[in-house]
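A short worksheet on the structure shown next.
The chains referred to below are lettered A, B, ... by the order of the sequence lines, with proteins before strands, and numbering in each begins at 1.
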Amino acid sequence: MWSVWKRDLAQGLSAAIRAAFGVEHDPVAEIPPRRALGDLAFPAALHLAKTLRRKPREIAEELARAWRPPAGVREVRVEGAGYLNVYFDRPAFAARLLAEPLLGGGAEDAGKTVVEHTNINPNKAAHIGHLRNAVLGDTLVRCLRALARPVEVQNYIDDTGVQVADVVVGFVDIERRTVAEVAALPEPFDFYCWDLYSRVGAWYEEDAARQHLRRETLHELESGRGERAEMGRLVARRVLTRHLGTMARLGVGYDLITHESDILALDFFHLAFARLQEAGAVRLEADGKNAGCWVMPLADTPEFAGLEDPDKVIVRSDGTITYVGKDIAYQLWKFGLLGKDFGYRWWPEQGLWQTAAEGAREHPPFGGAERVVNVIDARQSYLQKIVRAGLSALGHHEAARRSTHFAYEMVALSPATARLLGFASEDGKALEMSGRKGIGVKADELLDRLEGKAREEIAARNRELEREELRRLARQIATAALRFFMVKTTTTRVLAFDFDEALSFEGDSGPYLQYSLVRARNIGRRLAAAGLEPEVGAEAAAALASELWTDDLWELVHAVARTGEVVDKAASTLELSLVARHALDLAQAFHALYHHHPVLHEEDPALRRTRLATFQIFARGLRATADLLGIPEPERM
RNA sequence: GCGCCCGUAGCUCAGCUGGAUAGAGCGACAGCCUCCGGAGCUGUAGGUCAGAGGUUCGAAUCCUCUCGGGCGCACCA
């Protein structure tokens, strides 16, 4: 409702400017720094001063007299250097916020957006870097859905890549285990692989000749035949199952799991590759350092000019395919441009669909996107550029334009945390994580610690809780703490992970948001218990006197009204920290008011009702926002 | 060398397409529970917004350069 309201005001003002001065101006609306200065401010007179060669304040005075704002506006005043400040009719506005939806509304019949996120190599445990990806991706999905845009969530599994190959080498060549033995290994299997993977790296370094085992294994994985391929499938399946479990703890889910092995089995790559050849976008190198490889030359593309080596290998000299090659095929499929589809199988244990070489007869439609968002960390920007260049090379410029790389900076370990975990780090510098070296914090370990701490905190405040309820509440609080931590920082900033900070449930944290909701809801409960009306309806709110909404209360109502605009902006700019900040702003404003504006103990019914209505509006706003962040609302805490 | 990101309070970070007095959290210090839950609130101290130019009525914000720091530019992903 906010955006529509703002637009209407701007249009009315624009008409007034035209009538008064005979010039076209598209007024922008700002939010005044304090509510005493009004609810919206138009600096139009400041902008017009130059063209009209008059003092801004004079122009503003004249506009204030000429403009007849719509119902819902109580007053227009000139302030400061020449701002035109608009004051809303508070009771009427509040009543709308109690009744109307805060988000969405704009029923745009947009096409499907495919969001790809998580994408963890299925060869080791997920770490906190992967969590940033999954949380950002899932939050984006929640925002898009709240804005009524059709979304399909895909989690791409590179089950035929070098990383899985390395763990297979670890099992087969280092540990000499059979497939049956590996199948019998106890959980947590992904933790076991975490250690094994870092051992493989060291093992290769001891003897360079061992590299051939990696190549042979990779070949077998791609062909899908042989014992190593069998082992690869087992490892990928077991680790993926663990990853999905980790994500489920956080409320992160998917519509489709896409397996790279199916891209190969169904010859997606060869289809795409044939087109690249036809288009002359790839060539076979006869000599030089890439002799025997099929490369995509990028020297002519302005984006890649200046690179030392502007050619990208698509097919290696041994005939195996690089990730970029497979990803171009995948990206084509996402847009429905490949002319071929996957098979699909239902995965009952996980309750989701996954690709297959041969699938079920009936399944929902997948792919066919109008827009694609790939959530991938910023270190892969170069590769994502190449994938887009591949689409363009095939003439799919529109698809390339609608492919968005949602880039975020990596998660590193703070110096204190690196030291705590026994990793050497230079003083004062964050330490980059490395799966290959086994440096990192496992996602499940962090979640376990968060839940453990949450359980202690809850138990200290609530004596007689059932074991099951305690567990559920602890999980809700841990989820809130972690998700908020991952989304509150701007995506363009490296996140220095620090245990103390991540485990904090105070200040700007997820639990702080939850606590404010619990408090707000308790007010209604206490009112009901005391035999007073536990909530205020929209009509009753509209009937309250304007003066009852003092500036401090009003500020909170005003902030809730802006929610839809914040979400819109977050989704369109992919800056999801805006949503987290907004939630924090709401909670902080509420907590501050809470102490000064008692409801239960207020004698005056009108004042009591005003405060209650304000807190109800707050709860509506924060609930909607927390939902987008995947932060659950606990019963108590 | 080329490209991307970052530099704001002791620490971690906000600061929207330039606009009214640069804000939070943590930490420090001083307070607040006979009263809707103290995972909270109130107050104090703490800033040449890395530096230098430029654009503008107006710059933390836009442009240029310089200095720090991170990350890319593989037959890994």
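B:A9 and B:A60 have their P atoms separated by 15 Å, with the value rounded to a whole Å. Comparing the same atom, P, in B:U61 and in B:U8 gives a spacing of 14 Å after rounding to whole Å. A distance of about 12 Å separates the P atoms of B:G15 and B:C62, rounded to the whole Å. The gap from the C1' atom of B:C71 to that of B:C32 amounts to 48 Å, rounded to the nearest Å. Spacing of C1' atoms, B:G51 relative to B:G7, comes out at 11 Å, to the nearest Å. Rounded to a whole angstrom, the distance from the P atom of B:U48 to that of B:G43 is 24 Å. Straight-line distance between the C1' atoms of B:A77 and B:G40: roughly 46 Å, to the nearest whole Å. For B:G27 and B:A22, the P atoms lie 26 Å apart once the distance is rounded to whole Å.
Between A:Arg436 and the phosphate of B:A77, there is no side-chain N or O to OP1/OP2 separation shorter than 4.0 Å. For the OP1/OP2 pair of B:C36 and a distance below 4.0 Å, the side-chain nitrogens and oxygens of A:Asn522 include no atom meeting the criterion. Phosphate proximity of B:A39 to A:Tyr515: present, with a side-chain N or O under 4.0 Å from OP1 or OP2.
Out of B:A39, B:G38, B:A20, the shortest distance to the side chain of A:Arg461 is found at B:A39. Between B:A24, B:G40, B:G70, one nucleotide has an atom nearer to the side chain of A:Val494 than all others, and that is B:G70. Relative to the side chain of A:Cys293, the nucleotides B:A39, B:C41, B:C75 differ in distance, and B:C75 lies closest. Counting only heavy atoms from C-beta on, A:Thr322 has its side chain closest to B:A77 among B:C5, B:G37, B:A77. Checking B:A20, B:C35, B:G40 against the side-chain heavy atoms of A:Tyr512 singles out B:G40 as nearest. In the set B:C41, B:C71, B:G72, the nucleotide with an atom closest to the side chain of A:His596 is B:C41. Ranking B:G37, B:C6, B:C75 by closeness to the A:Arg493 side chain, first place goes to B:C6.
For the pair A:Val518 and A:Arg379, nearest-nucleotide mapping onto RNA chain B gives the more 5' position to A:Val518. With RNA chain B read from its 5' end, the first of the two nearest nucleotides for A:Thr489 and A:Glu635 is the one closest to A:Thr489.
B:U12 is paired with B:A24 under the criterion used here, namely a Watson-Crick or G-U wobble arrangement in which both key atom distances are under 3.5 Å. When both pairing distances are held under 3.5 Å, B:G43 makes a Watson-Crick or G-U pair with B:C29. Across all strands shown, B:C36 forms no Watson-Crick or G-U wobble pair with both distances under 3.5 Å.
Among the heavy atoms of the strands, none lies under 4.0 Å from A:Ala378. A:Gln514 comes within contact range of no nucleotide atom at all, as no heavy-atom separation falls under 4.0 Å. If you check every strand for non-hydrogen atoms under 4.0 Å, A:Ile376 touches nothing. Note on A:Pro43: nothing from the nucleic acid sits closer than 4.0 angstrom, heavy atoms only. The residue A:Arg525 sits apart from the nucleic acid: no heavy atom pair falls under 4.0 Å. A:Glu501 comes within 4.0 angstrom of sugar-phosphate atoms only, judged by non-hydrogen atoms across all strands, and of no base. A:Ile458 comes within 4.0 angstrom of a base, heavy atoms only. Residue contacts shown for A:Leu46 include a base, since a base heavy atom lies under 4.0 Å away. The residue A:Glu432 sits close only to the backbone: its heavy atoms come under 4.0 Å of sugar-phosphate atoms, none of a base. Within 4.0 Å of A:Val599, counting heavy atoms only, lies at least one base atom of the nucleic acid. Contacts of A:Asp377 with the nucleic acid, taken as non-hydrogen atoms under 4.0 Å apart, are absent. Using a 4.0 Å heavy-atom distance criterion, A:Ile31 is classed as making no nucleic acid contact. Within 4.0 Å (heavy atoms only), A:Ala165 reaches no atom of the nucleic acid at all. Residue contacts for A:His597: at a heavy-atom cut-off of 4.0 Å it reaches a base atom on one of the strands shown.
The aromatic rings of A:Phe618 and A:Phe590 sit parallel to each other, their planes meeting at less than 30°, with 60° as the upper class boundary.
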Please step through side chain to side chain donor-acceptor pair (under 3.5 Å) for the pair A:Tyr87 and A:Asp39, ending with a clear verdict.
CA-CA 5 Å; A:Tyr87 295 73; A:Asp39 298 309; over 6 Å; no
Checklist entry - Does the pair A:Glu533 and A:Arg608 meet the rule for a salt bridge (charged side-chain N to carboxylate O under 4.0 Å, His left out), with working shown? => result CA-CA 10 Å; A:Glu533 57 171 5; A:Arg608 194 169 62 226; 5.7 Å; no
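Cation-pi geometry between A:Arg519 and A:Tyr594 is met: under 6.0 angstrom from the ring centre, within 45 degrees of the axis.
Look at A:Arg283 and A:Asp311 and you find a salt bridge, because one of the NZ, NE, NH1 or NH2 atoms lies within 4.0 Å of a carboxylate O, short of that distance.
Exactly one residue among A:His212, A:Glu220, A:Arg214 makes a side-chain contact (heavy atoms from CB on, under 4.5 Å) with A:Glu216. That residue is A:His212.
Ring centroids of A:His117 and A:Tyr156 are separated by 6.0 Å or more, keeping the two rings apart. Taking the six-membered ring where the residue is Trp, the centroids of A:Tyr83 and A:Phe42 are separated by 6.0 Å or more.
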